[in-house]
Amino acid sequence: MRIATFNVNGINSRLPALLRWLEETQPDVACLQELKAPQEKFPEMEIRAAGYCPIWHGQKSWNGVAILARGTEPQELQRGLPGDPDDEQSRYIEAAVNGILVACLYLPNGNPAPGPKFDYKLRWFERLRLRAQELIATGAPVVIAGDYNVMPTELDVYKPERWLDDALFRPETRAAYQRLLDQGWTDALRTMHPGEVIYTFWDYFRDAYGRNAGLRIDHLLLSPALAPKLKAADVDRDVRGREKPSDHAPTWVELDWPKLG
DNA sequence: ATGGCAAGCGAAGCTTGA
């Protein structure tokens with residue numbers, strides 16, 4: 001069973017690229033972020049025509065997350081990250097798919113730091129930590145996938161010294177990610193590629209992709225019940241090099257788990 | 001150190017992203 005995460009940077013402007021990738025790689029579950037579309041502008045017909053059943057949480061202009069399941073309806077469990085009823089941003093959705101609890105997130109960027117946006121990021125991170133603790137305590141097979149906007153270590157940044165004060169790499173941010181891992185989560189991509197330079201994002205500026213000036217910020221965390229089932233994890237890097245690409249590449253895990261259908 | 005690019009909104013140029 002393959003579960004992927006892909007920050008599409010606008011689902012409607014990215015639709016041809018998304019459909020091509022789905023057709024080519026046939027993930028069983030795809031977690032999408034940065035839909036940048038209100039609820040009613042999600043391209044449900046096109047996604048269903050491609051064989052995927054979606055649930056999504058849209059928002060005008062910014063954010064937005066979705067979970068797509070191939071040939072089966074995701075059973076939605078949670079919409080919005082608990083812990084702050086005043087948080088209007090669409091950054092979190094959870095569903096059960098084929099016996100696995102799938103959480104899809106788009107963690108706040110947090111720049112400029114310090115400042116209110118960075119404070120929001122850290123508060124959001126703390127809410128995530130509490131939710132993740134609840135999920136891990138159930139003992140269920142869980143994957144929390146998405147754009148975490150965190151480079152966990154220096155190995156995950158093309159030029160660490162340039163990013164020290166950035167919200168994606170500041171000590172507080174890395175510490176928050178580490179606290180999450182300390183609950184018992186497995187960072188799937190790093191586990192399968194220890195010591196390897198492997199990125200999931202290249203910005204649009206100055207030929208960052210061509211120079212491999214990238215970041216590893218899209219992660220799939222596996223609960224203890226699921227980590228032993230990890231068979232492979234990788235990045236569909238070539239997708240970033242195509243026409244009209246997202247600035248992120250799809251990232252995925254292959255699990256020893258019965259396939260859908 | 002800065003600005004480079006892309007997308008949404010809305011119909012130019014600002015905001016946001018990372």
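Letters go in sequence order (proteins before strands), and every chain restarts at 1.
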Check the distance between [N]'s [atom2] and [X]'s [atom1] and give it to me in whole angstrom.
{"X": "L15(A)", "N": "dA7(B)", "atom1": "CG", "atom2": "P", "result": "13 Å"}
{"X": "Y148(A)", "N": "dA18(B)", "atom1": "OH", "atom2": "P", "result": "15 Å"}
{"X": "F201(A)", "N": "dA6(B)", "atom1": "CZ", "atom2": "C1'", "result": "11 Å"}
{"X": "R170(A)", "N": "dA18(B)", "atom1": "CZ", "atom2": "P", "result": "17 Å"}
{"X": "R211(A)", "N": "dG3(B)", "atom1": "CZ", "atom2": "P", "result": "17 Å"}
{"X": "D203(A)", "N": "dG4(B)", "atom1": "CG", "atom2": "P", "result": "13 Å"}
{"X": "Y209(A)", "N": "dA18(B)", "atom1": "OH", "atom2": "C1'", "result": "18 Å"}
{"X": "L164(A)", "N": "dA18(B)", "atom1": "CG", "atom2": "C1'", "result": "15 Å"}

Test ring-ring contact (aromatic ring centres under 6.0 Å, His included) applied to H219(A) and W252(A), W185(A), Y177(A), F201(A), the passing residue
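Answer to the ring-ring contact (aromatic ring centres under 6.0 Å, His included) test with H219(A) among W252(A), W185(A), Y177(A), F201(A): Y177(A).
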Inter-nucleotide P distance (dT15(B), dG3(B)), Å rounded
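One P to the other, the span is 15 Å.
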Does the pair [X]/[Y] count as a salt bridge with the N-to-O cut at 4.0 Å?
{"X": "R131(A)", "Y": "E134(A)", "result": "yes"}
{"X": "R2(A)", "Y": "D28(A)", "result": "no"}
{"X": "E126(A)", "Y": "R129(A)", "result": "yes"}

Within a reach of under 6.0 Å around CD of E23(A), are more than 12 heavy atoms found that belong to other residues, nucleotides or ligands?
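No, the 6.0 Å shell around CD holds no more than 12 heavy atoms from other groups.
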Please tabulate, one pair per line, each protein N/O and nucleotide N/O from nucleotides 9-17 of chain B that are separated by under 3.5 Å, including the distance.
| from | atom 1 | to | atom 2 | distance (Å) |
| --- | --- | --- | --- | --- |
| dC9(B) | OP1 | S61(A) | N | 3.3 |

Let's go through N9(A) and Y204(A) carefully: what are the C-alpha distance in whole Å and the side-chain angles of both, what is the deciding distance for side-chain hydrogen bond (donor to acceptor under 3.5 Å, both in side chains) to 0.1 Å, and is it a yes or a no?
CA-CA 12 Å; N9(A) 188 17; Y204(A) 291 120; 3.1 Å; yes
Could you tell me whether the phosphate oxygens of dA6(B), OP1 or OP2, come under 4.0 Å of any side-chain nitrogen or oxygen in R14(A)?
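So the side chain of R14(A) is outside the cut-off, no N or O lying under 4.0 Å from OP1 or OP2 of dA6(B).
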Can you find a side chain N or O atom of S13(A) that sits less than 4.0 Å from OP1 or OP2 on dG8(B)?
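Checking dG8(B) against S13(A), a side-chain N or O does come within under 4.0 Å of OP1 or OP2.
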Which residue lies more 5' along DNA chain B, comparing L107(A) with R206(A) via nearest heavy atoms:
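Mapping each residue to its closest nucleotide by heavy atoms, the 5'-most match is R206(A).
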